[in-house]
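First listed ligand is number 1; within each ligand, the first listed atom is number 1. Atom set for the values below is all heavy atoms of this structure, side chains included, hydrogens, waters and symmetry mates excluded.
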Amino acid sequence: SAVDRFLYAMRLHDDQLEDISARFQAEMKKGLSAESNAAAAVKMLPTHVRSTPDGSERGQFLALDLGGSKFKVLQVKVREGMGIRKGGVEMEEKIYPIPKELLIGRGTELFDHVSESLKDFLQEKNINLEKTHPLAFTFSFPCEQPTLNQGLLLSWSKNFRLRGLQGKDVVQSLKGAIERTGGMNVDVLSMVNDTVATMMTCGFDDQRCEVGLIIGTGTNACYMEALRHVDLVEGDEGQMCVNTEWGGFGDDGALNEYITEFDRDVDAASNNPGKQIFEKMVSGMYLGELVRLVVLKMAKVGLLFDGFVSDALRTKGKITTANVANTRDILTGLGLTPSQDDCIAVQHVSTIVSFRSSNLVAACLSAILTRIKKNRSLRTLTITVGVDGTVYKTHPQYPKRLHKVVRRLLPESHVRFVLSDSGSSKGAALVAAVAQRLASRRKQVDETLFPFQMSQEQLHLVKSRMRADLEAGLKNKNPSTIKMLPSFVYHTPDGTERGKYLALDLGGTNFRALLVNFKKGLHQNTRLYHKIYTVPMEIMQGTGEELFDHLAQCVSDFLDYMGMKNAHLPAGFTFSFPCEQTAIDTGTLLTWTKGFKATDCEGHDVVNMLREAIKRRNEFDLDIAAVVNDTVGTMMSCAYEDPECEVGLIAGTGTNVCYMEDVRNIEKRDADAQRMCINTEWGGLGDDGSLNDIITPYDAEVDQNSLHPGKQRFEKLTSGMYLGEIVRQVLLDLTRGGLLFRGHVTEALKTPGIFETKYLSQIESDRLALLQVRSILQQLGLDSNCDDSIIVKEVCGAVSRRAAQLVGAGIAAVVDKIRENRGLEHLNITVGVDGALYKLHPHFSRVLHDTAKVLAPLCNVSFLPSEEGSGKGAALITAVAKQKDKDAGCKGQT
Ligand code: BG6
Ligand code: BG6
Ligand code: GLC
Ligand code: GLC
């Protein structure tokens, strides 16, 4: 017919629709990518809505619905209140007309109208004005959302064009207006686009609904995108709803081939020329205009009304989308006298215009569905599209045509269309309900972790308590806490040490045997051979004899390995537990700590016990010349590299410090040397209750379940053996409170010791994506989702951070004491460090350094990680001891 020929350009064939669909797919990619987003016509805005409804949402909300053809205020009750059957939603709403001039006035005036309408609604429905009401806001314009309750308006569209809001946060504007109106307490929890709200509304009844579509005054769609493709939001796991703002498709010329002269005229006469090109071909606000322009042109060229053109027909807005169905009345209303043919022709025009609209929507919708299908590597996609908008709802043929074309374009997918039954506010309330739950979860997690936060004041207190107990220990006053054990090491190494020594190292994660050879000349000439042996738990906690027999057996193996069974080597013994020493080669074990509890050892000389075990073996001989705490070994080992090293620190399975103390300060002194290294055994700080103010119930639980309850309280707040257990206690509590792992306390979570230090270190690594955190938790038997992993990581962070700060406060006390001992205003000093926590944890060392710096501002403290462990230090001490023996021997001979 004549009309068909006239409107040829508006009839789109399937290959053209496929071309449009492909173009739109490219536009989506562009909008999602961080590099091209700024220039993209299709904005692809992240919405911070991460899941469709799951049935757990509840609460009562106020709702505002602004931006469609009607402005509404509502009250929405989700699964709450008396009248609703379980699982339902109850809504009350009122439409408030917006005076025309407000749509193109000042933004603040529009928002004042909105908030006054809200107040009117509250009064009319007798809603308590005193109480605080959570509010869900549907705002149907493109907004950049940094969070769920912020929205920076990018531009107005449709019939809204207000001054002073572009680039501003509309939630703030709303809050401002609510404050100006006064007399209400409202908490704006969330802001969503109408597409998102529609998807959620329909998702309430249909779990498969993952697309929201509006064909109303404007047009737009949203869908659930894989978060890994949403560059603008951190995270790589799970989904996020993306508001495509597809109305802007074509704003950069991508649709030029398909644009007719009528589209160009509609655009030119619009509120926003050059913008929302696709929307202007599709949505209700423009379809009537398109029909009018076509009819006008046809009349002008004589194809209609015998060439007669009325004034009304020339006037913008005289044909609306609503009219398009009823041709004769509208034409007569325009001062025209249509013939039967005219009516049929005009009817045909409007069919073509709306058919093109549904075709374009079908093309872009199929692009979205194809993308989802690819994201999920599916062969067939089964999905539901939630739809709303006056065009879709009132235009008789529209839905059928749209469905048909979508199914033709995607023959292998099952697409269901669901009409939103109750507008967008139901969905908006569901989003708010999730936000409310997350906020309350957030609050409870924060409250749980709060006691782990150390204020500067608390850290200063810890420093001064440490200092006081160091002093008390030196004066032998407070044997119950810090023991301050003399080590009988008087000097750090001077580089003249020579010879081959065996070093045995018990007390850390493993037992190690080493052979160290100090050669003449440069330090680099130290030779080191070693072997690592695990100590089984039964042996750590069996009899003393079994333990030392095991050590002798390891030594025997090592000597075999080195081929030195008969060498009768001098040996140093690193024994990382508190020993009372009276000489360098004797040490009485005062008490076991950490994971050891072998019987008949406490109160005995450990050097003797080792000698006895070697004798029992009757296989090789060893000359044990020194027994050394690991802190002392570490200090010596590091001092070999750096003469300023006068402190040794262990932050590993346990924690402890030694340092060079002035002999005049040592009660139990026995030499005329100027200084002696003191093994502080600072892990005992707090054993008299002095740390009770910072000890949390989780710490108390860990202490109670430990091998040595009531002992080593400072160590239990700070060292590798306990941090994981503290974390586990916190996770248990959060889970019992329903804040984690969906409230399921699993066997894994009940297993003591599952969180080894190495896992903590991995979980907290910044380089690790959340997905990897999840897989670590999976390995540990903990089935977590993405939110769970975030919380677990936070718990680990809180616990390890506190540990590092406390150790930092302790170090500050030690270095300040050394500085004061020496009467210095400034002290440069190096701390030699070892231990898995210090070396492997991603943040521990940094936080420790920072804290020490702040709390000991007059000291310039460097930290030097020990390279070969404390064994080398033990060997150095042995070398010095042997040298002395020799000297004494020589003297004796003369
Ligand atoms: C309504 C929503 O149901 O649909 C509105 O509640 C939305 O927020 C509208 O904008 C879209 O349709 P229309 O035709 O009113 O623009
Ligand atoms: C090692 C020492 O290097 O560090 C051990 O040689 C010490 O004696 C250990 O106990 C501390 O680290 P961890 O992490 O094994 O307890
Ligand atoms: C316009 C708005 C968009 C909205 C759509 C439907 O395109 O920019 O945000 O979703 O209209 O109301
Ligand atoms: C424990 C021990 C101590 C050791 C520390 C580090 O605190 O009691 O002697 O130095 O662990 O291993």
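Trp246 pairs in a side-chain hydrogen bond (donor to acceptor under 3.5 Å, both in side chains) with only one of the listed residues (Thr195, Thr219, Asn220), which is Thr219.
Taking only nitrogen or oxygen atoms, main chain and side chain alike, Thr631 does not reach within less than 3.5 Å of ligand 4. Between Lys594 and ligand 2, no pair of N/O atoms sits closer than 3.5 Å.
Within the 4.0 Å heavy-atom cutoff, Gly683 does not count among the residues contacting ligand 4. Ligand 4 lies out of reach of Thr653, whose nearest heavy atom is not under 4.0 Å from it. Residue-ligand proximity: Pro578 is placed with a non-hydrogen atom under 4.0 Å from ligand 4.
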Side-chain donor-acceptor pairs under 3.5 Å in residues 831-842, sequence neighbours left out?
from	atom 1	to	atom 2	distance (Å)
Asp834	OD1	Lys839	NZ	3.0
Asp834	OD2	Ser866	OG	3.3
Tyr838	OH	His849	NE2	2.7
Lys839	NZ	Ser866	O	2.6
His841	ND1	His843	N	3.0
His841	ND1	Phe844	N	3.0
His841	NE2	Glu764	OE2	2.9
His841	NE2	Ser800	OG	3.4

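Of the protein's non-hydrogen atoms, Glu715 OE2, 2.4 Å is the one closest to atom 7 (O) of ligand 4.
Contact residues for ligand 1 (protein heavy atom closer than 4.0 angstrom to any ligand atom): Asp65, Gly68, Ser69, Ser140, Asp194, Ile214, Gly216, Thr217, Asp388, Gly389, Thr390, Gly423, Ser424.
For the atom pair CD1 of Ile214 and OH of Tyr392, the computed distance is 11.5 Å after rounding to the nearest 0.5 Å. Of the inter-residue distances, the one linking Leu864 atom CG with Leu649 atom CG reads 12.0 Å to the nearest 0.5 angstrom.
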**Request:** Kindly determine whether Ser424 and Asp65 satisfy side-chain hydrogen bond (donor to acceptor under 3.5 Å, both in side chains), including the steps that lead there.
**Result:** CA-CA 7 Å; Ser424 62; Asp65 183 353; 3.2 Å; yes
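Of all non-hydrogen atoms in Gln145 and Leu148, the two that sit nearest each other are NE2-O, 3.4 Å.
Proximity of Asn629 to ligand 4, defined as any heavy-atom pair under 4.0 Å, is confined to the side chain (atoms from C-beta onward).
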